[in-house]
Amino acid sequence: MPRDELNVIQGTLDLLVLHALAEAPLHGYAVARWVRARTDGVLAIEDGALYTALHRMEKRGLLSAEWGVSENNRKAKYYGLTRKGRRRLESERTAWLRYAEAVYKVVTPPGPA
Amino acid sequence: MSPPLPRGVKRWLRLGDAARELDDELEFHFAQLEDELVRGGMDRCGARSEARRRFGNEREWRRRMDAIDRAAERRRAAGGGLGSLLDLMRASARGIASAPGLSIAVVLAFALGIGANATVYSILDRLLLSPPAHIAEPDEVRRLLIDRAFLDRRITGTTMSLPAAEDFAASPHFSGVAAYTGARAMTVGRGDAARPAHARLVSGNFFSLLGTAPALGRFFTETEDVAGGEPVVVLGHRYWQREFGGARDVLGRAIDFGRGEWVIIGVAPESFTGIDLAPVDLWLPLRIATTPIFNAPSDNRGFQYVGVVARLAPGASVGVAEADATRLHRLGQADAIARGFWDPEARVLATPLIAARGPSPGSEVRVARWLAGVSGIVLLIACINVGNLLLGRALRQRRETAIRLALGVSRRRLVVQALADGLLLALLGGAAALAAAHWGGNVVRGVVLPGVDWSGATLTPALLLFILICAIVAGLASAAVPALQTTRADVNDALRASAGGITRSTLRTRSALSVAQAALSVLLLVGAGLFLRSLRAVGDVDLGFDGENLVFATVLPEAGSLDAEAMRRFHTEAADALSRLPLVTSAATASATPFIDAYAFPLRVPGLDSLPSSSVGGPYGIVVSDGYLETMRIPIVQGRGLNTGDGPGAPAALVVNRAFADLIWPGENALGKCVHIGPADEAVPPCAEIVGIAANARRGSINETPVPQYYMPLGQRLVARGPNVLFARVDGDMRVAAGAIRSALLAMEPALRHAEVRPLLELTQVETRPWRLGATLFTAFGIVALLVAALGMYSVLAFDVAQRMREIGLRTALGARLHDIVAMVVRRGAGMAAAGVGIGLLGAVLIADRLESLLFETSARDPLTFLGAAFVLLAVAALASALPALRAARVDPNVALRSE
């Protein structure tokens with residue numbers, strides 16, 4: 001990790017990216033904005049990390065990329081989910097929810113039984 | 001690079017642009033973010049630094065992404081990302097479409113090579129690979145042959161008498177035994193409406209034993225097939241279609257071929273020919289038809305005229321069945337064995353049905369085998385030529401290839417693409433070949449092997465598979481050399497290589513391919529020459545008689561209308577009448593026809609206990625009218641011929657041929673010797689004196705050891721057999737004369753159903769066919785090969801000249817004379833041709849021994865043929881180099897040196 005502030009574990013970052021692209025293909029900047037908006041800036045994700053994740057997931061066949069034209073007529077690289085990526089999104093989401101539930105159970109004080 | 005490529009292809013063509021792509025991507029990111037920050041109220045400078053801050057350590061992230069991208073690229077290029085087969089094929093299709101001329105040449109070469117092989121395959125399939133059609137469980141059905149001593153050698157007899165065939169029925173190892181005769185030429189109808197037909201006589205259980213079902217009506221059965229039974233006939237499918245238009249109401253109609261009326265009871269299925277391959281028009285019940293057709297009783301053990309087919313009983317082994325059949329055969333032939341007429345050691349063989357797997361495959365099988373060889377060579381030449389063309393294309397594209405290699409595209413990827421190119425071209429060629437084999441195949445088959453029923457031979461799944469395999473092998477083989485050659489090149493060299501520099505090894509490979517083509521062409525040319533010389537030798541053969549302008553006539557009287565005596569009288573009178581026709585110079589009658597029939601009569605020679613045996617058969621006797629030897633132009637070498645003086649009252653006279661005299665009285669003068677002609681157990685017949693010795697006339701084959709023969713005067717009736725054929729020497733148009741002779745014969749005797757008049761030399765055509773076929777095929781394929789080789793050589797030389805423009809220009813500028821330049825190019829062409837000639841002739845010498853047996857009185861190492869083939873190839877090579885040489889000569893040093 002190049003910077004100490006980066007404290008989002010890689011699996012979580014991948015899940016966020018997959019989520020961002022679930023609706024429609026987006027370019028990297030839109031993905032970054034989506035993540036920032038949804039997480040209210042709580043997760044300090046460097047844009048570089050985000051782009052690296054995009055490239056890594058493209059290489060693994062989770063994403064496919066193609067060049068298109070952005071809203072303001074600029075050439076931009078768009079990422080979309082492949083079928084493999086969509087399957088990964090489902091399994092990651094399930095796994096993460098179970099994980100979060102388990103951690104939540106541990107860290108919240110036991111209520112009245 | 002071609003712009004309209006599909007995206008998948010585009011992606012791999014754009015490999016290596018990843019770094020620039022990353023720049024573009026990030027540039028967009030920063031621009032967007034800065035714009036947004038500025039819109040939010042930040043100044044441009046602050047926005048820029050904020051965007052960088054949010055990105056993190058740009059250099060580090062970039063390094064990581066770069067590594068990821070490069071790894072992905074490597075994996076794609078290395079084959080994990082070879083792309084789908086479809087992508088490959090799509091890329092190949094682009095390449096093919098972008099060079100239509102080359103592609104058409106390649107596809108044509110493949111179509112020719114594969115088409116020839118597909119046609120030959122369908123022939124081989126019928127002759128060598130597949131059992132005859134419409135036979136249930138053909139592996140259980142066996143031909144029974146008799147292996148026995150005959151005179152001084154062993155023969156494998158395919159025919160036996162019907163009683164001998166019936167001997168096998170007692171064996172428990174066969175579930176059935178059936179008999180059949182060869183296809184016999186008949187004439188259906190009378191007078192001018194007479195049409196030829198081929199009849200085969202088969203026993204009543206023949207169809208049920210094979211498990212064949214009729215296409216219409218029914219087959220005759222075992223209970224119907226008894227001597228003297230009702231005459232019925234089953235039509236062959238082709239004959240039914242041809243003569244009756246496939247009418248379903250033929251059942252119950254009658255067919256008349258001069259032996260009474262035969263009622264049609266059924267039609268055999270299409271392409272059913274029994275267990276041989278010759279087409280059959282009429283199927284007749286064996287026991288009913290034997291007497292009317294062969295004029296012989298079917299129960300005579302001396303009359304060997306049927307082939308035998310048996311179905312093995314369930315679980316029976318071939319060896320045991322053969323042993324049991326041998327036992328039964330010797331038992332049945334006990335009488336003949338006891339009298340010394342039959343080999344006591346005769347053995348029965350149960351051989352498979354497939355023609356070629358029998359112990360004595362016919363000439364058709366031999367023809368088909370070397371057809372396969374020739375067509376294989378044609379495919380090889382096609383592949384080499386295509387390889388050469390593709391190599392030429394690869395050379396032109398070598399810079400593009402080098403660029404791709406430099407950009408990190410793997411060599412494997414390029415090789416695979418090149419192979420895919422070859423494969424796609426070959427598949428296109430295969431499709432064209434399929435069309436060729438479909439439309440042209442039947443024609444070729446009919447010409448090559450007319451004695452086989454080819455119906456139903458087109459487009460079987462096996463043929464399609466064969467073409468596919470051929471195309472795949474040919475495509476990969478021809479693409480392999482260019483694929484390996486181009487990618488072996490060093491990237492730096494190739495990139496630096498301008499039009500002036502070209503890898504030596506590639507040129508060497510192209511030259512080698514041209515040499516190989518030239519060598520194969522020489523091989524085919526030598527084959528063509530040898531067969532042409534054989535054909536000429538056959539034409540020049542001295543038959544012992546003069547076959548030119550000679551016709552022979554046979555007649556068929558109404559059943560039962562003319563007895564033997566009437567036929568004798570008719571032929572005698574007809575010979576006289578024909579000789580008076582305007583177009584006929586002389587005519588005669590005889591009891592046998594060369595190449596058709598021959599008869600041996602019991603002979604005794606005073607002073608000899610038994611006649612020395614002749615390995616070629618005979619001696620055969622022919623009853624002839626006076627004027628026969630003159631009409632045939634058989635020269636008398638000693639003594640005199642037969643004449644009108646040798647009549648009923650005169651002393652018995654004989655003319656024997658040279659072979660006869662040499663056989664019986666070697667080293668002695670045969671003139672004046674005495675021969676007794678007649679059965680041994682009767683009173684000694686009068687002595688016939690030899691009055692003349694004739695030259696050896698051919699008996700049954702063009703290519704035979706002289707057969708002992710003798711000629712008996714018709715008037716003296718030394719034997720019971722009478723004349724059955726007329727000969728006439730014609731002066732003028734053969735066709736007109738034949739028509740006149742036919743009309744004259746029919747007018748003479750109203751009881752005649754028809755008369756057939758044909759040139760005698762027509763009978764030799766079957767025999768000369770292998771040589772004519774060889775000459776035709778080798779010449780045709782040889783010319784094709786020559787053209788292809790010339791094209792290959794031309795393209796190599798032309799390319800060479802184009803490559804060396806600068807060098808040639810330089811030489812010219814330095815004072816090289818015109819003819820030096822021309823000589824330089826021609827020398828290269830001549831070198832390739834000479835190497836090709838050398839290798840080709842060496843190959844011809846190596847296969848000479850195998851070829852020799854196919855030739856006629858021609859040495860397979862015939863120097864004249866070898867020289868001729870060499871000359872033709874060198875001449876064509878000179879032509880092929882002339883154009884490039886002239887181009888080289890016209891090089892303008894000013895232009896050439898300034899280029900590049």
Side-chain angles (χ1 to χ4, degrees), chain A residues 1-8 10 13-14 17 20 25-37 39 41-80 82 84-85, chain B residues 6-15 17-40 47-78 80-81 83-84:
Chain A
M1 302 288 129
R3 296 271 289 268
D4 294 342
E5 299 100 286
L6 183 74
N7 48 13
V8 181
Q10 200 174 64
L13 179 57
D14 286 2
V17 171
L26 298 172
H27 46 69
Y29 176 71
V31 174
R33 212 170 47 183
W34 188 91
V35 172
R36 193 176 299 276
T39 60
V42 170
L43 300 176
I45 303 174
E46 287 187 345
D47 291 339
L50 197 107
Y51 274 96
T52 306
L54 285 170
H55 280 239
R56 191 181 59 240
M57 286 158 79
E58 185 195 354
K59 175 189 160 194
R60 287 188 192 155
L62 299 174
L63 308 181
S64 66
E66 64 181 284
W67 287 89
V69 177
S70 73
E71 318 77 74
N72 50 5
N73 263 333
R74 281 192 184 139
K75 192 177 141 200
K77 191 173 176 188
Y78 280 78
Y79 294 89
T82 61
K84 193 172 158 193
Chain B
R7 198 196 306 143
V9 184
K10 227 174 188 169
R11 198 183 303 153
W12 72 254
L13 283 182
R14 267 216 320 250
L15 289 171
D17 291 17
R20 215 185 60 225
E21 284 196 9
L22 184 57
D23 285 345
D24 288 351
E25 187 180 14
L26 295 186
E27 191 185 324
F28 169 75
H29 171 82
F30 287 124
Q32 289 287 103
L33 184 53
E34 283 168 27
D35 284 358
E36 193 187 286
L37 292 173
V38 168
R39 271 200 304 279
R48 185 165 300 158
S49 59
E50 172 63 11
R52 304 284 148 176
R53 195 192 61 75
R54 283 194 194 177
F55 195 83
N57 183 341
E58 191 181 337
R59 260 184 61 196
E60 180 61 22
W61 286 122
R62 267 182 183 276
R63 197 186 56 72
R64 285 179 173 228
M65 279 188 267
D66 229 39
I68 290 170
D69 292 351
R70 265 212 304 274
E73 195 172 281
R74 266 200 306 277
R75 208 167 58 172
R76 259 205 304 274
S84 64

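Chain identifiers are assigned alphabetically (A, B, ...) following the order of the sequence lines, protein sequences preceding nucleic acid strands; residue numbering begins at 1 within each chain.
- Residue His29(B) comes nearest to Ala32(A) through the heavy atom pair CE1-CB, 4.5 Å, listed as atom of the first residue, atom of the second, then distance.
- Trp61(B) and Glu46(A) make their closest contact through NE1-OE1, 2.9 Å (heavy atoms, listed as atom of the first residue, atom of the second, distance).
- Between His55(A) and Asp69(B), the shortest heavy-atom distance links the atoms ND1-OD1, 2.8 Å.
- Here the straight-line distance linking atom CG of Asp47(A) with atom CZ of Arg53(B) works out to 9.5 Å at 0.5 Å rounding.
- Of all heavy-atom pairs spanning Glu25(B) and Trp67(A), the tightest one is N-CH2, 3.8 Å.
- Separating the CZ atom in Arg54(B) from the CG atom in Leu50(A) is a distance of 12.5 Å, to the nearest 0.5 Å.
- Between Arg74(A) and Ala31(B) the shortest heavy-atom distance is NH1-CB, 3.4 Å.
- The greatest number of non-hydrogen atom pairs below 4.5 Å with chain A, out of Glu58(B), Gln32(B), Arg62(B), is found for Gln32(B).
- Rounding to the nearest 0.5 Å gives a distance of 11.5 Å between CE of Met57(A) and CD1 of Ile68(B).
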